[in-house]
Amino acid sequence: AYKRFSELLPKEERENACSARVPKSQILTLPELRANPFQHRICRVFSTSDNGDDSMSFEDFLDMLSVFSDSATSDIKSHYAFRIFDFDDDGTLDRKDLEKLVNCLTGQGEESQLSSTEMEQLIRNILEESDIDKDGTINLSEFQHVVSRSPDFARYSGLQQ
């Protein structure tokens, strides 16, 4: 992991890799993230950068790799998936988050976008299935409950290498 992290840094910074931060643009070159529709959210969630540039320290990088590893538990994967899908970082998945989630999964192109009727029906179905307390949003425990019933979650969530 250290070797992979240091290789993302310019040559002159590699010997101080433990104290360096890798820019988001370099993190996005990793094969695991290159084709991931949530690549920008993944960087945002795992970055501890104070200035909001989504750069990563070596510890941030290790955290990200550990969540993506096969040895991470379903609880850990679902916790981070929830944070990644919570686009507005308010602790719940509301209709706007779900719409962004669906658009990320289906692609942003004109031909792959759902109509507003299809989107509304899909969001209604997701909430019907997942919103146990019927408050119009999905909280972490509701999300984890749904995930626990889905054996293919890790494979399709983008949180597996």
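Residue indices begin at 1 and follow the sequence shown.
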Legend entry - side chain to side chain contact (heavy atoms under 4.5 Å, CB included) partners for Asp63, two or more places apart: Phe46

Inset, instruction - Report yes if some heavy atom in the side chain of Leu30 is under 4.5 Å from a heavy atom in the side chain of Leu8; otherwise report no. - result: yes

Legend entry - Straight-line distance of Gln26 CD to Ser55 OG, nearest 0.5 Å: 12.0 Å

Legend entry - Spacing of Asp60 atom CG and Leu65 atom CG [to the nearest 0.5 Å]: 11.0 Å

Inset, instruction - Look up atom CZ in Arg44 and atom CG in Asp89, then write down how far apart they are to the nearest 0.5 Å. - result: 7.0 Å

Inset, instruction - Indicate whether the side chain of Gln144 and that of Ser78 have a donor and an acceptor atom separated by less than 3.5 Å. - result: yes

Legend entry - Residues which pass side-chain hydrogen bond (donor to acceptor under 3.5 Å, both in side chains) with Asp97, listed by chain and number, not counting sequence neighbours: none

Legend entry - Within one Ile-Leu-Val-Met-Phe-Trp-Tyr cluster: Phe38 and Ile76, side-chain cutoff 4.5 Å: yes

Inset, instruction - Please answer whether the main-chain N or O of Leu33 pairs with a side-chain N or O of Gln39 as donor and acceptor at a distance below 3.5 Å. - result: yes

Legend entry - Cys43 versus Lys24, closest heavy-atom pair with distance: SG-CG, 3.9 Å

Legend entry - Residues which pass side chain to side chain contact (heavy atoms under 4.5 Å, CB included) with Glu59, listed by chain and number, not counting sequence neighbours: Ser57

Inset, instruction - Please determine if Glu32 and Arg4 form a salt bridge, counting it only when a charged side-chain N lies under 4.0 Å from a carboxylate O. - result: yes

Inset, instruction - Return the set of residues passing side-chain hydrogen bond (donor to acceptor under 3.5 Å, both in side chains) with Arg14 (not counting sequence neighbours), or none when no residue passes. - result: none

Legend entry - Reported CZ-to-OG distance for the pair Phe61 and Ser47, which is rounded to 0.5 angstrom: 13.5 Å

Inset, instruction - Could you tell me whether the side chain of Glu13 and the main chain of Ala20 form a donor-acceptor pair under 3.5 Å? - result: no

Inset, instruction - Establish whether Leu101 and Leu140 are linked, either directly or via other cluster members, by ILVMFWY side-chain heavy-atom contacts under 4.5 Å. - result: yes

Inset, instruction - State, without any angle test, whether Thr92 and Asp94 hold a side-chain donor-acceptor pair at a distance under 3.5 Å. - result: no

Inset, instruction - Considering only NZ, NE, NH1 and NH2 on the basic side and carboxylate oxygens on the acidic side, decide whether Arg149 and Glu129 come within less than 4.0 Å. - result: yes

Inset, instruction - Decide whether Ser141 and Asn139 meet the rule of one side-chain donor and one side-chain acceptor closer than 3.5 Å. - result: yes

Inset, instruction - For Phe87, enumerate each residue passing the ring-ring contact (aromatic ring centres under 6.0 Å, His included) test, keeping only those at least two apart in sequence or located in another chain. - result: none

Legend entry - For Arg95, all residues meeting side-chain hydrogen bond (donor to acceptor under 3.5 Å, both in side chains), sequence neighbours excluded: Glu120

Inset, instruction - Please confirm whether the backbone N or O of Gly91 pairs with a side-chain atom of Asp86, one donor and one acceptor, at under 3.5 Å? - result: yes

